Amino acid sequence: MDGRRRAGVASGLVLGAVLLGGCTGGGPAEAIRSYDVRVEAAADGSLQVEEVIEYDFGDEERHGIERLIPERLPYAQTRDRLHPVSDVTVESPSGAPVDTELIREDGVLTLRVGDEDTEVSGRHTYEIGYRVAGVADADELRWNAVGTGWSVPVDDVDVRVAGPSGAAPVEADCVVGAEGSRTPCDVTVEPGGELHAQASGLAPEEGVTVAGRWPAGTFAAAEPIYDDTFSPARAFRATPATAGLALAALLALAGPVVLLARRGRPRRASGPVPPQLTPPRDGRPAQLGTVLDGHAQRHEVTATLLDLAVRGHLRIEETGGRAADGSDGPADWRLVRTGNDLRGLRGYEQLLLDGVFAEGDVVTLSELQPRFGGLDGRVRSALYTDVVELGWFAADPAAVRRRWYARGAVLLGTGVVLTVVLAAVGTWALAGLGVVVAGLVVLGLAGRMPQRTAEGAQVHQQVVAFRDSLAASDALARVPAGRVDDLAGDPRARYLPHAVALGVANQFAAALEAAGPAPAADWYVPAHGAGYVGVWPSLVAFSSPDNPVLSPPVSSGGGATSVGGAAGGGGGGSW
């Protein structure tokens with residue numbers, strides 16, 4: 001076979017492939033080439049909507065398009081919000097059949113446009129007009145200009161919204177994408193007062209939602225339209241039988257829990273309680289704070305950090321500058337490990353010390369912040385173990401609370417399901433509420449369920465007396481003079497960590513500050529030099545659970561507008 005012959009055969013094969021490819025139905029797919037929406041809002045909250053849809057049927061033979069418009073949206077558990085549609089008109093400048101069938105089903109109005117005896121293909125333009133009531137209210141208007149129910153892509157979207165009497169919005173927003181998306185799209189307020197939004201390249205089931213806020217009184221005559229979907233009076237009718245069942249369920253399920261919680265409450269002393277001028281049982285600050293209320297909390301962890309400094313295991317240095325809130329306090333603190341003998345540390349104290357200095361012997365609080373949350377949780381867990389080992393609690397208080405919260409949640413969930421079922425099938429829903437209330441009682445008492453031992457109850461009474469002594473106006477006069485063996489620096493501060501853990505730091509610090517400038521201490525270095533009178537407020541700020549240097553950063557959220565989060569929308573396709 002010569003070269004020309006081979007070339008001819010090859011050309012024939014290519015041509016055949018092209019011809020075969022054209023017979024596989026791979027022509028242009030259906031799409032909306034342009035979707036223009038014009039909205040005129042009235043003072044009564046209704047909208048006049050005009051949609052111009054250029055629909056490309058491609059090579060498909062169809063009868064026309066379907067346009068789905070929601071008229072009922074869920075508003076509350078027993079109420080829907082209505083957006084009734086009226087005055088529907090359909091035209092086609094391109095000459096497509098515009099016979100229109102209106103179908104209302106399940107809160108959606110379907111416009112079936114076209115002639116079942118006529119098929120169309122290629123591009124056709126449909127102009128759809130309608131009035132929809134009850135949309136705007138409270139000077140705000142949100143409208144799903146293009147709904148997420150379209151089964152075809154949309155190339156270009158252009159939306160214009162005019163307020164009553166030409167009033168211009170003071171705020172405008174536009175989002176594009178799938179249901180719930182908050183991706184912004186272009187939006188402006190035109191000189192004439194129109195809200196103008198544009199988007200392009202929408203995939204199937206993607207939409208555009210616009211929102212605006214107008215000056216107060218713009219929609220003064222607007223009133224939302226609601227429809228109640230449930231009658232509580234019937235479902236929760238009180239009769240001797242339903243009320244009796246509800247009370248019986250409440251007493252049977254919640255009564256034993258109430259008795260158990262009362263048994264675990266600290267007992268009041270029968271007589272006057274003698275002053276407690278020193279920590280009971282030589283308890284560390286966090287231990288006493290935990291036995292006081294059964295909770296290991298962040299301020300007890302920071303009190304432990306301060307106590308470790310007072311006992312010489314680390315040094316706290318102010319870094320200077322002004323605090324973020326504009327006060328005279330320091331902007332940050334530097335922690336320096338001293339390398340003191342670690343014998344005698346409790347497990348949670350060792351865990352905290354090692355966690356703080358995991359990356360070196362010097363760290364600032366701001367550097368510690370990203371990992372402090374996890375360290376704080378581990379230290380509190382170890383602290384619960386510690387108070388159980390001391391014999392002050394019968395079991396881990398946090399684990400006990402979790403079990404009771406889980407029981408309460410299960411009981412509450414069961415009651416809710418039971419109530420819903422009874423409400424749906426008859427008039428016995430009140431009986432289910434007894435189970436619901438019992439679940440709420442269990443949840444409310446879960447925090448009181450940890451049981452102190454007899455020794456723990458005795459320590460609790462002593463801690464209350466010690467806390468009251470630290471909070472008294474003459475607290476320094478009550479504190480015994482002298483130094484304890486493991487104290488470094490100013491002896492007056494030996495109980496400041498205890499005051500922090502017991503929630504009376506401000507009162508105790510005020511007494512310290514009133515006593516005059518603090519003597520030099522090797523465990524705390526103020527930025528303004530030794531003797532700075534603000535050292536006590538600074539220490540309280542350092543130990544506060546709300547210390548902004550240790551607080552996790554606040555993440556910025558998106559706007560309040562999301563695709564589909566408004567009236568209108570819907571979608572459609574061809575038929």
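Here the structure is a predicted model, which means the values were calculated and not measured. Positions are given from 1 along the sequence.
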Inset, instruction - May I ask you to test the H299-Q297 pair for a side-chain heavy-atom distance under 4.5 Å? - result: yes
Inset, instruction - Sorted by first residue and then second, give each disulfide bond (SG atoms under 2.5 Å apart) pair with at least one member in residues 141-182; sequence neighbours left out. - result: C174-C185
Inset, instruction - Fit a plane to each ring of Y126 and F57, take the angle between them on a 0 to 90° scale, and name the class: parallel (under 30°), tilted (30 to 60°) or perpendicular (over 60°). - result: perpendicular
Inset, instruction - Ignoring hydrogens and angles, state whether a donor on the side chain of S200 or D156 is under 3.5 Å from an acceptor on the partner side chain. - result: no
Legend entry - Side-chain donor or acceptor of R81 paired with backbone N/O of V135 under 3.5 Å: yes
Legend entry - W150 and Y55 aromatic ring geometry - parallel, tilted or perpendicular at 30°/60° bounds: tilted
Legend entry - Backbone of V410 reached by a side-chain donor or acceptor of T414 within 3.5 Å: yes
Inset, instruction - Taking E71 for its side chain and V85 for its backbone only, find out whether a donor-acceptor pair lies under 3.5 Å. - result: yes
Legend entry - Under 3.5 Å: donor-acceptor pair, side chain of D139, backbone of G217: yes
Inset, instruction - Under the salt bridge (Lys or Arg N to Asp or Glu O under 4.0 Å) rule, what do E140 and R213 come out as? Steps first, then yes or no, please. - result: CA-CA 4 Å; E140 289 189 350; R213 184 170 64 85; 5.0 Å; no
Legend entry - Main-chain N/O of G134 paired to H83 side chain as donor or acceptor, under 3.5 Å: yes
Inset, instruction - Answer yes or no: is there a side-chain heavy-atom contact under 4.5 Å between R401 and H295? - result: yes
Legend entry - Lys/Arg N to Asp/Glu carboxylate O, R38 vs D158, below 4.0 Å: yes
Inset, instruction - Determine yes or no for a side-chain-to-main-chain donor-acceptor pair under 3.5 angstrom, with W214 supplying the side chain and A167 the backbone. - result: yes
Inset, instruction - Using atom types as modelled and distance alone, determine if a side-chain donor or acceptor of H63 lies under 3.5 Å from a backbone N or O of T118. - result: yes
Inset, instruction - Describe, in one word, how the ring planes of Y130 and W143 are oriented to each other, choosing from parallel (under 30°), tilted (30 to 60°) and perpendicular (over 60°). - result: tilted
Legend entry - Main-chain N/O of D332 paired with T319 side-chain donor or acceptor, under 3.5 Å: yes
Legend entry - Heavy-atom pair with the smallest gap, counting every atom of A446 and P450: O-CD, 3.9 Å
Legend entry - Main-chain N/O of T125 paired with S94 side-chain donor or acceptor, under 3.5 Å: yes
Legend entry - Sidechain-backbone polar pair: T419 side chain, G415 backbone, donor-acceptor under 3.5 Å: yes
Legend entry - Distance in Å, D36 CG paired with Q198 CD, rounded so as to fall on 0.5 Å steps: 9.5 Å
Legend entry - Closest non-hydrogen atom pair, T302 against F372: CG2-CZ, 4.3 Å
